[in-house]
Protein chains: 2
Amino acid sequence: MLSQAEENYLKEIYALGEETHELLSTNSIAKKMKTKASSATDMLQKLSNKGLVDYTKYKGARLSRKGETIAMTIVRKHRLWETFLVEKLGYNWDEVHDIAEQLEHIQSKTLTNRLDAFLEYPTRDPHGHPIPNINGKIVTSESIILADLNINEEGILIGVKDASDNFLKYLNKINITIGDNIKILDIEPFDNSFTISSDTKQITISGNVAKNLYIKNQ
Amino acid sequence: MLSQAEENYLKEIYALGEETHELLSTNSIAKKMKTKASSATDMLQKLSNKGLVDYTKYKGARLSRKGETIAMTIVRKHRLWETFLVEKLGYNWDEVHDIAEQLEHIQSKTLTNRLDAFLEYPTRDPHGHPIPNINGKIVTSESIILADLNINEEGILIGVKDASDNFLKYLNKINITIGDNIKILDIEPFDNSFTISSDTKQITISGNVAKNLYIKNQ
DNA sequence: CCCATTTTTTAGATAAGCCTAAAAATATTT
DNA sequence: AAATATTTTTAGGCTTATCTAAAAAATGGG
């Protein structure tokens, strides 16, 4: 059985390498874990000995197949618990991360799947992130980022890339939430800002914000 | 914030002292924690320094008021989660202890009370144990043990004193569960066994079993 | 009431996960 | 390509919670 620290490393290494699957530097992992490089080295060596990461001294690390499988189960648990907290206990999407961070480490062979069934097999968590299924596979309709749309194109907001507290609070403030129908009204070339409509209201968002929003074509 | 080990000690000291509130020996605490007396001594000293137990060298320990308050919140969380697992996720009452053992340590100022509300403020967990309310107080109608009833008296099974795996499995086997209406048909003075009826069926249980069953008078 | 037994505490060790400081390896600049 | 800067690893320490072994205190039988 893995410690919580080990599980957290696997999860964050997964998050960092998800897109590229390139070797990750010790420093980048340390930064993500909010710890020192020396601590990250210690842990990478331990995880390497357990066959959960492929690690070469001074070169970097990536998850092994076995490590990735475990990382996916943790991501699955995290996202299912977030869904539970929002859907069943009435939390807002910007309040659930820290609690799910703890709940994702509960060990039980049956709990995760019973929770999944209780929630009626959700495919995305409250932030729109896909929930790996029982086999650790992600199966969801693909999404595009809002920043890739052109003027007059529209779609439904299905997720956010960065689910940080600050970003979610910003979306709350401008009254944008998952499920909104969003249409691009104008793109300002000068600063790459987007003017969009969501339902009746009309707002302007920065290019960075537009890159953080996932849209599903209708 | 307390470590899980500290919380577990408080909870088990509470469980041991609940009835008598006498001084507890280091050995009895060590046994309950499945650890060595020297480890228990270490922890009692630490908890004493934090003002959570009253502890005198070589004499024994009991919870302080502050320690008892914390113990009650952990008991509350444990019993609410057990209720969740049985009521919402469909577990049997003999399957939930180990999971609740982990869930009781989740830290959140709001989670416990939201869970309580979601479960519609249960007063007893699946084993019939009372659930402390938001103020840490236990408010339930009193119960008596089955062994104290006389022939021809009857009542409803509302709880078990010992919720050990073996005992719960035994009750499952003889098909007795919470809510059953139980009537004493006969008490055998020779071995103090009880012949009881529950609904239509009629069974004989030992005196020890009868001491483990809580009954509410109708 | 004293001596043997039991209980409890202390002392010192271990493992996990973190730290700082120093050394080693790699990368960058000129 | 050498010197400098950065990154990474190693070495040694700290804390928590555990352990074993030994010392100290309490208990109880004769």
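Note on naming: letters A, B, ... go to the chains in the order of the sequence lines (proteins, then strands), and numbering restarts at 1 for each one. Remember, predicted model here, so these are calculated numbers, not experimental data.
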Checklist entry - A:Tyr58 or B:Ser25: which one's nearest nucleotide on DNA chain C is closer to the 5' end? => result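 Mapping each residue to its closest nucleotide by heavy atoms, the 5'-most match is B:Ser25.
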Next on the checklist: Which residues in residues 33-42 of chain A have a heavy atom closer than 4.0 Å to any atom of DNA chain C?
Outcome noted: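 Hits under 4.0 Å, by residue number: A:Thr35, A:Lys36, A:Ser38, A:Ser39, A:Asp42.
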Next on the checklist: Among D:dT9, C:dT10, D:dA25, which nucleotide has an atom closest to any side-chain atom of B:Gln45?
Outcome noted: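 Of the candidates, C:dT10 comes closest.
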Next on the checklist: Once rounded to the nearest 0.5 Å, what's the spacing between atom OH of B:Tyr9 and atom OG of B:Ser3?
Outcome noted: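 Those atoms lie 10.0 Å apart.
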Item to check | Spacing of B:Arg124 atom CZ and B:Thr83 atom OG1 [to the nearest 0.5 Å] | outcome: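 Atom-to-atom, B:Arg124:CZ and B:Thr83:OG1 are 11.5 Å apart.
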For [X] and [N], what is the distance between atoms [atom1] and [atom2] respectively, to the nearest whole Å?
X	N	atom1	atom2	result
B:Glu6	D:dT15	CD	P	15 Å
B:Gln4	D:dT15	CD	P	22 Å
A:Ile29	C:dC18	CD1	C1'	17 Å
B:Leu47	D:dT16	CG	P	12 Å
A:Asn27	C:dA25	CG	C1'	14 Å
B:Met1	D:dT16	CE	P	13 Å
B:Lys57	D:dA23	NZ	C1'	12 Å
A:Lys59	C:dA27	NZ	C1'	11 Å

Item to check | A:Glu101/A:Lys11 ion pair, N-O < 4.0 Å | outcome: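 Yes, this pair counts.
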Item to check | Parallel, tilted or perpendicular, as decided by the 30° and 60° cut-offs, for the rings of A:Phe118 and B:Phe84 | outcome: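 The arrangement is perpendicular - the two ring planes meet at more than 60°.
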Next on the checklist: Please give me the minimum heavy-atom distance between B:Val86 and B:Pro126, naming the atom from each residue.
Outcome noted: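 Nearest heavy atoms, B:Val86 then B:Pro126: CG2-CG, 3.5 Å.
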Next on the checklist: C:dT9, OP1 or OP2 - any side-chain N/O from B:Tyr55 closer than 4.0 Å?
Outcome noted: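 Yes, within the criterion.
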Checklist entry - Are A:Leu115 and A:Lys77 close enough that some pair of their side-chain heavy atoms sits under 4.5 Å apart? => result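 No; the side chains remain at least 4.5 Å from each other.
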